[in-house]
Amino acid sequence: MAFRIGKSVMLYFGNDLEPIFIFAGLAFLLLIGPLLRWYVLAMTRHNFKFSKNYLAELVPFSLVFVMSFFVSRKWFETNNKEVIIVFASALIFIYLHFAFYIFLSGRLIQKVKRAYRNVLQTKSQKAIFEWLRVVIIGFIAIWISYFLNIIEDTVPYIVGPIVYSVVIYFLSYKAFQLKTTEIDGDAFKKNDNEWLYNKISELVINDKLYLESDLSLSSLSKLVGKSTQNTSEVINQYAKRNFNDFINYYRIQDAKRMLLDVTTKNYTISTIAFDAGFSTLSSFNSAFKKFEGTTPSLYKKRGSN
């Protein structure tokens, strides 16, 4: 990419630029396309491995790059019909080749997104999809700026490298923001998160572990045989709540039932709080207010009317 920008700047400001730099720079567009597709594959497949078959995609780049060393200034500056046809054909092929790979990469991303449409996506997977979306948009902007330049100088040639530079800086910023340097295709590796959440739900809800006032993230993690970080991430991912809210939600449901049940109508608020699994009355009142928007006393009063 740096070579492409450098060539473009020299072509714009340098009157005596050797044809070899012009054609070599154009040749690198034939390299960017395959690299883009391979990058998308690497970011969306956990088992991606570079195959020797992929080297066939470098044939157009290799041919044009090697041919650029045989383009003489004398031939290039003759401006006869043969030179114009060869140069125009090469230019059209190069830009269509680049456009094809942008389209191909975009389709790969959409295919993966459709596969995960009805699946709860992890934070890393969402970051990858957002990052690749921005990458594709950036490459489309680069392609348009260069392509418009060859159509009767619709835009000044220098606009191409300027857009190129802006896109690269913006992508660098997004990569830092989304922390894409820390994630790769392993984010799409099948894991046992769903099984783990079902196991947690079984213990907490079906076995009513939430009624135990000393239940903690650490003790629950030991029961399912996972780290506290893994257990916390799974609860956040599937329940959309942190550990405390996840447990307190079910405690509050039990407390609401006891507050309105005729068999427990004579229970005090503190008794109901402790029976529901809370260790203190204040934590019960806070949790109740958070989930129901009112106090336990008012809830009981309204329910009995």
Are the side chain of S219 and the backbone N or O of L215 linked by a donor-acceptor pair below 3.5 Å? no
Do any pairs count as a salt bridge (Lys or Arg N to Asp or Glu O under 4.0 Å) and have a residue in residues 32-46, sequence neighbours left out, and if so which ones? R37-E57
Testing F28, F98, F93 for ring pair (Phe, Tyr, Trp, His ring centres under 6.0 Å) with F61, which one passes? F28
Taking side-chain contact (heavy atoms from CB on, under 4.5 Å) as the test, write out the residues that go with F176, two or more places apart. none
side-chain contact (heavy atoms from CB on, under 4.5 Å) involving E130 - partner list, sequence neighbours excluded: R133, V134, K174, L178
With no hydrogens and no angle check, do the side chains of T280 and S283 hold a donor and an acceptor under 3.5 Å apart? yes
Who are the side-chain contact (heavy atoms from CB on, under 4.5 Å) partners of A239, not counting sequence neighbours? Y197, I235, F246
Can you name the side-chain contact (heavy atoms from CB on, under 4.5 Å) partners of K222, sequence neighbours left out? S218
Sorted by first residue and then second, give each salt bridge (Lys or Arg N to Asp or Glu O under 4.0 Å) pair with at least one member in residues 224-244; sequence neighbours left out. D192-K226
Just by distance, no angles: are the side chains of T231 and T228 close enough, under 3.5 Å, to form a donor-acceptor pair? no
Ring pair (Phe, Tyr, Trp, His ring centres under 6.0 Å) partners for Y101, two or more places apart: H97
Those residues at least two apart in sequence (or on a different chain) that pass salt bridge (charged side-chain N to carboxylate O under 4.0 Å, His left out) with K290 are D245
Holding to salt bridge (charged side-chain N to carboxylate O under 4.0 Å, His left out), I want the full list of residues that pass it with E292, two or more places apart in sequence or in another chain. K256
State, yes or no, whether a side-chain contact exists between Y238 and I200 at a heavy-atom distance under 4.5 Å. no
Check residues 48-55 and write down every donor-acceptor pair under 3.5 Å in which the side-chain atom is one partner and the other belongs to a residue at least two apart or another chain.
{"unit_1": "S51", "atom_1": "OG", "unit_2": "N53", "atom_2": "N", "d": "3.2"}

Pair listing, ring-ring contact (aromatic ring centres under 6.0 Å, His included) test, anchored in residues 254-278, at least two apart: F278-F284
Residues passing the salt bridge (charged side-chain N to carboxylate O under 4.0 Å, His left out) test with K199, sequence neighbours excluded, are none
